[in-house]
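Structure record follows, encoded as structure tokens.
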Amino acid sequence: MLYSFINKLRRDVLKRKKEVYLDRLVQRGLKLGKNVEIIDTFFFDPSHCFLITIGDNTTICPNVRLIAHDASTKKSLGYTKIGKITIGENCFIGDSATILLNVTIGANSIIGAGSVVTKPVPPSSVAAGNPAVVISGTDRYLKKISEYRKSKKVFSKDYYIEKLDEKKRSEILESVADTIGFIV
Ligand SMILES: CC(C)(COP(=O)(O)OP(=O)(O)OC[C@H]1O[C@@H](n2cnc3c(N)ncnc32)[C@H](O)[C@@H]1OP(=O)(O)O)[C@@H](O)C(=O)NCCC(=O)NCCS
């Protein structure tokens with residue numbers, strides 16, 4: 001009881017801290033669309049955040065880094081490279097992806113986990129790797145996954161971690177024994 005109260009309090013404090021921090025970035029010029037979901041930790045180049053635009057309905061996974069400046073020339077030449085980062089609407093930026101300056105990611109695109117994006121990504125593309133390259137179109141990717149899902153069970157919210165018992169855990173483990181599975 002006390003443990004869950006403290007946990008909730010901790011979550012609330014962290015959530016509020018994140019909101020305050022994001023508000024400060026927005027005040028300093030970060031253009032944040034509506035309904036942008038930012039999961040957990042992030043780095044939106046605080047000293048150059050006014051160069052960054054994130055479109056409506058985009059999802060930013062944990063540990064994403066948007067780096068709008070490059071001080072690799074600072075000591076030798078006396079100045080730093082800067083550039084815009086523009087992420088379109090309805091994008092999904094995978095866990096720990098890094099997006100460098102002077103990059104536009106077109107609407108409806110997906111960036112793979114751990115990618116380093118150095119070049120523009122056309123709209124409706126799936127790009128991944130270091131450096132990130134287009135590996136599919138978003139429609140083709142979604143069609144592939146939908147086709148695959150037809151032969152698999154999609155586990156409901158009753159299978160979320162807090163509701164798992166031994167039986168449910170085994171069901172999921174069986175479903176992913178040698179391939180991927182699905183959960184809402
Ligand atoms: C990019 C992504 C959407 C592609 O999904 P997919 O098409 O089902 O992936 P596949 O496993 O079929 O891989 C297709 C090819 O892309 C490569 N690839 C997939 N994801 C990659 C990634 N993140 N980085 C580099 N290469 C990747 C695979 O190695 C494979 O290459 P090959 O054709 O040479 O064998 C997915 O791999 C991904 O990274 N999703 C994000 C996951 C995430 O961030 N989760 C956070 C919690 S929501």
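Quick caveat, the model's predicted, so the values are computed rather than measured. Only heavy atoms go into these numbers, but all of them, side chains included; no hydrogens, no water, no symmetry mates. All ligand and atom numbering here is 1-based and tracks the order in the structure.
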Ile52 backbone acceptor or donor facing Lys84 side chain under 3.5 Å: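 No, Lys84 side chain to Ile52 backbone: no donor-acceptor pair under 3.5 Å.
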Ile38 backbone acceptor or donor facing Lys18 side chain under 3.5 Å: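 Indeed, once roles are kept as given, a pair shorter than 3.5 Å links the two residues.
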Give the residue and atom name of whichever protein heavy atom lies nearest to [atom], and the separation in Å to one decimal.
atom                    : value
atom 24 (N) of ligand 1 : Gly129 N, 3.6 Å
atom 1 (C) of ligand 1  : Gly112 CA, 3.5 Å
atom 7 (O) of ligand 1  : Lys144 NZ, 2.7 Å
atom 47 (C) of ligand 1 : Cys61 SG, 4.2 Å
atom 26 (N) of ligand 1 : Ala128 CB, 4.0 Å
atom 43 (C) of ligand 1 : Asp95 N, 3.9 Å
atom 23 (N) of ligand 1 : Ala113 O, 2.8 Å
atom 5 (O) of ligand 1  : Tyr141 CE1, 3.4 Å

With a 3.5 Å cut-off and no angle check, do the side chains of Asn108 and Asn90 form a donor-acceptor pair?
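Present: a donor and an acceptor within the cut-off.
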Handout entry: Steps toward salt bridge (Lys or Arg N to Asp or Glu O under 4.0 Å) verdict (Lys168, Glu171)
Key = CA-CA 5 Å; Lys168 288 178 181 169; Glu171 267 186 75; over 6 Å; no
Between atom CD of Glu37 and atom SG of Cys61, what is the distance when rounded to the nearest 0.5 Å?
->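 So the gap between those two atoms works out to 8.0 Å.
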Self-check item: Straight-line distance of Asp158 CG to Leu164 CG, nearest 0.5 Å
Solution: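 Separation between the atoms: 10.0 Å.
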Residue [X] vicinity, atoms of ligand 1 by number, heavy atom under 4.0 Å:
X      : result
Phe92  : 41 (C), 48 (S)
Ile135 : 16 (O)
Gly94  : 44 (O)

- Judged by non-hydrogen atoms, does Ser136 sit under 4.0 Å from ligand 1?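 No; Ser136 lies far enough from ligand 1 that no heavy-atom distance drops under 4.0 Å.
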Could you check whether [atom] has a protein contact, counting only heavy atoms that fall below 4.0 angstrom?
atom                    : result
atom 11 (O) of ligand 1 : no
atom 32 (P) of ligand 1 : no
atom 21 (C) of ligand 1 : yes
atom 35 (O) of ligand 1 : no
atom 3 (C) of ligand 1  : yes

Practice item. Consider every N or O of Ser115 and every N or O of ligand 1, then say whether any pair is closer than 3.5 Å. Key: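 No, there is no polar N/O contact under 3.5 Å.
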* Only one of Ile99, Ile54, Ile110 passes side chain to side chain contact (heavy atoms under 4.5 Å, CB included) with Ile93; say which it is. =>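 It is Ile99; the other options fail the test.
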Exercise for review: Return the minimal non-hydrogen interatomic distance between Asp45 and Ala68, and the atom names on each side.
Suggested key: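 In terms of heavy atoms, the two residues are closest at OD2-N, 2.7 Å.
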query: Of the non-hydrogen atoms in Tyr141 and Val126, which two are nearest, and what is the gap between them?
result: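 Nearest heavy atoms, Tyr141 then Val126: CB-CG2, 3.7 Å.
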For Glu147, is there an ion pair with Lys144 - N to carboxylate O distance below 4.0 angstrom?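 Answer for the salt bridge query: no.
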| said: Between Lys143 and Asp139, does the salt bridge (Lys or Arg N to Asp or Glu O under 4.0 Å) criterion hold? Intermediate values first, please. | reply: CA-CA 6 Å; Lys143 202 166 162 217; Asp139 284 350; over 6 Å; no
